[in-house]
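Note sheet for the following structure.
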Amino acid sequence: MSRKLKLSPLTLYFIIIVIAVYAIWFIFFQDVIQFILENAISTNGGVYRSEFNGWLGIFLLPFLVVMVIMGITLLIPFLRDKIKEKKKFHQN
């Protein structure tokens, strides 16, 4: 008998945001990806090291965008709750 995988809402949210951001990145930003790789290869470093840095940049930039989106969207409800608590405290 197989066990069901239980994922928290935060995990599902993270997975959905990652898939969406990487899909948008690889579909709509081909020119940026090409620019990053061409500049990484044309540097005076070693070929292997510069290609690695280029690919690292290609995969790291969208991940930073994911972290920013998650930070902003999770910060808004947190701040809203804090404001509600503050109003409730001052009313009593």
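Counting from 1, the numbers follow the sequence of the chain as shown. Note that the structure is predicted; figures quoted are calculated from it, not measured.
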May I ask you to test the [X]-[Y] pair for a side-chain heavy-atom distance under 4.5 Å?
X   : Y   : value
L61 : V32 : no
I76 : I72 : yes
T11 : F14 : no
L37 : W55 : yes
T73 : Y13 : yes

To the nearest 0.5 Å, what is the distance between [atom1] ([X]) and [atom2] ([Y])?
X   : Y   : atom1 : atom2 : value
L10 : I15 : CG    : CD1   : 10.0 Å
L56 : I36 : CG    : CD1   : 10.5 Å
D31 : Q34 : CG    : CD    : 6.5 Å
K86 : L79 : NZ    : CG    : 11.0 Å

Is there a path of hydrophobic side-chain contacts, each under 4.5 Å between heavy atoms, that joins [X] and [Y]?
X   : Y   : result
L60 : M70 : no
I19 : L7  : yes
M67 : V18 : yes
I24 : I58 : yes
I27 : I69 : yes

F63 CZ: over 12 foreign heavy atoms closer than 6.0 Å:
no
For F35, does the CZ atom have more than 12 heavy-atom neighbours from other residues, nucleotides or ligands under 6.0 Å away?
no
Using every non-hydrogen atom in the two residues, find where P62 and G57 come nearest and quote the distance to one decimal.
CD-O, 4.5 Å
Quick one: closest heavy-atom pair of F26 and I33, and the distance?
CD2-CD1, 3.6 Å
Backbone N or O of F59 within a donor-acceptor pair of the W25 side chain at under 3.5 Å?
no
